[in-house]
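Because the structure is predicted, anything quoted here is derived from the model rather than measured. Throughout, residue positions are numbered sequentially from 1 according to the sequence presented.
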Amino acid sequence: GGLLVEIHYPTLLLPFFVVATAAAFSSVLHPPERGLFKKLASERGMVIILFIVVVLYSMIVIGPLAQSIPVMAKSGAIADRVNLERSVVRSLPEIGTVAGFDSVTELSDRPRLYSLHYVFLGKKQFSDERYIVPDDASVLLLELRDFLFYQLLYRREDNDNVGGYARIRNFLEERGFRPTFFLDRFAVFLRDAGPTVQPLYSTTPPVGLQGNPSVHASIAFLGWAAPTGALETATRSVGQRSFTTLPFSVSFEKNRASDELLQLELRLLENGQARHRLLLPFGGGVYPTSDWPVGQIVTSRYDILIPRQLAGKTLVADLRVLRVDGAVALNGVRGLELRYRQYEAVGEPIRFGEIHVPASTR
């Protein structure tokens, strides 16, 4: 998506470059009997070799090829999430849509598309003019990962970040958006619809909490819960695809005043080594720990996609509270990625126990 946005203007010039390149080849292969072309014709083999070397050097050093290889090497690990995103996007009704960073590109063919990012900021790009989503917006695609970006893009001391999370909460409430789908990092909200799934967070702990309470900086872990009472995988279908997921919820309480933003990290371990890591925002992203008053209890719900390469394995799941800092940067294919300078675990890991992933996840 990011690469498409970056090259869509230069693409208009590509036909002219193609024609110019073809003309250059024609001049070298069939040179006029004069000047520089006659000289080059006598060294045609060397000219072709130099041309190939220059093109390859430019692709590797200047172009995106070298930077793209590490990203492409991870494509197996993200294939399921890409398939899930496409399935979710295709399932959205063709009406006025609000979406986040990545999904805006996937939905760019829609005539009525609005940015949740500007709802967070409360104003238009490069302007102090208030950003107002038109009243025809009736579906909202929320991505939990967007809120990890907001934490690093907009510091707590920046004016851009003041009240951003509250603005999104108020927007959802005032416009009557209710959750109708939630899986992994994607949540779909429809306007004036009866909720068909549990909310991403609640301010009461569920019944039957498990685990040992513990303190993590300014918050205290109260316990975890799962739909069946035991931590186990589930199978979810989206469109024509099926996905293996891990549903659970965790409850925390704010025990002292602090405006620091904390995150959760889910780890799936095999023989003590992390086979899968995933950063998770508290409160569905829209209600971070910095907004909690002292004494507030918040239960955050998740339904995590398990990569297909973990099929058939028995893993140990745990959860860590993290204090993070870093920046948002571009990866090799010019997409946004999180780069952390600080990645500090606060307190001991919260152990969930073993899970068994079915041998066939698709």
Side-chain angles (χ1 to χ4, degrees), residues 71-92 102-103 141-145 148 179-188 196-201 206-212 221 223-251 263-281 284-285 299-320 349-362:
V71 177
M72 291 186 290
K74 300 177 183 178
S75 59
I78 65 173
D80 293 334
R81 186 161 284 113
V82 171
N83 289 332
L84 173 60
E85 179 178 13
R86 289 174 178 169
S87 298
V88 172
V89 167
R90 292 191 189 106
S91 71
L92 298 178
D102 291 337
S103 301
L141 178 56
L142 183 146
E143 292 189 52
L144 298 190
R145 193 175 73 139
L148 303 177
T180 59
F181 173 87
F182 179 39
L183 179 56
D184 198 56
R185 73 185 193 201
F186 303 103
V188 176
T196 56
V197 298
Q198 288 185 308
L200 276 62
Y201 75 93
V207 176
L209 285 178
Q210 303 181 56
N212 298 317
F221 172 67
W224 62 269
T228 63
L231 192 70
E232 56 187 14
T233 62
T235 300
R236 296 281 304 275
S237 295
V238 184
Q240 298 180 346
R241 295 182 179 273
S242 295
F243 302 91
T244 297
T245 69
L246 182 65
F248 65 92
S249 62
V250 289
S251 298
Q263 306 289 5
L264 292 171
E265 181 191 48
L266 174 71
R267 300 189 303 175
L268 300 180
L269 309 171
E270 183 180 35
N271 299 323
Q273 299 296 316
R275 294 296 308 277
H276 183 57
R277 298 171 181 263
L278 186 64
L279 278 176
L280 303 169
T299 296
S300 305
R301 295 184 176 87
Y302 306 99
D303 198 356
I304 304 305
L305 182 66
I306 297 181
R308 67 181 66 187
Q309 60 265 32
L310 300 181
K313 295 186 178 296
T314 298
L315 306 166
V316 174
D318 74 10
L319 201 65
R320 299 196 300 172
I350 301 164
R351 291 182 61 84
F352 284 167
E354 286 190 350
I355 62 167
H356 177 70
V357 184
S360 177
T361 61
R362 304 288 178 270

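No option in Asp184, Asp303, Thr245, Thr244 other than Asp303 meets the side-chain hydrogen bond (donor to acceptor under 3.5 Å, both in side chains) test with Arg236. Put simply, the residue from Tyr302, Phe248, Phe352 that forms a ring pair (Phe, Tyr, Trp, His ring centres under 6.0 Å) with Trp224 is Phe352.
Nearest heavy-atom pair across Ala226 and Ala230 is CB-O, 3.4 Å. For the residue pair Gln309 and Arg275, the shortest heavy atom distance occurs at O-NH2, 4.3 Å. In terms of heavy atoms, Pro247 sits closest to Leu231 at O-CD1, 4.3 Å. In terms of heavy-atom proximity, Thr314 sits nearest to His356 at OG1-ND1, 3.2 Å. Closest approach of Leu209 to Ser251, counting heavy atoms only: CD2-OG, 3.9 Å. Across Glu85 and Ser103, no two heavy atoms sit closer than the pair OE2-OG, 3.8 Å.
Taken to the nearest 0.5 Å, the CZ atom of Arg320 stands 11.0 Å off from the CD1 atom of Ile350. A distance of 10.5 Å separates CG in Leu278 from CG in Leu246, rounded to the nearest 0.5 Å. Here His276 contributes atom NE2 and Ile304 contributes atom CD1; the two are 7.5 Å apart, rounded to the nearest 0.5 Å. The CG atom of Leu148 sits 8.0 Å away from atom CG of Leu280, with the distance rounded to the nearest 0.5 Å. Interatomic distance, Thr233 OG1 to Ile355 CD1, rounded to the nearest 0.5 Å: 7.0 Å. Summarising the geometry, atom OG belonging to Ser87 is positioned 4.5 Å from atom CZ belonging to Phe243; distances are rounded to the nearest 0.5 Å.
A 4.5 Å side-chain heavy-atom check between Phe182 and Leu144 finds at least one atom pair inside the cut-off. Using a 4.5 Å heavy-atom cutoff, the side chains of Leu84 and Arg241 are not in contact. At a threshold of 4.5 Å between non-hydrogen side-chain atoms, the residues Leu142 and Leu200 count as touching. Between Arg90 and Gln240 there is no side-chain heavy-atom pair separated by less than 4.5 Å. Looking only at side-chain heavy atoms (C-beta outward), Arg267 and Pro349 come within less than 4.5 Å of each other. For the pair Glu143 and Val88, the minimum side-chain heavy-atom distance is 4.5 Å or more.
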Assess the residue pair Asn83 and Arg308 against the criterion (side-chain contact (heavy atoms from CB on, under 4.5 Å)); give the C-alpha distance rounded to whole Å, side-chain angles, the decisive distance to 0.1 Å, and a yes or no. CA-CA 12 Å; Asn83 289 332; Arg308 67 181 66 187; 3.7 Å; yes
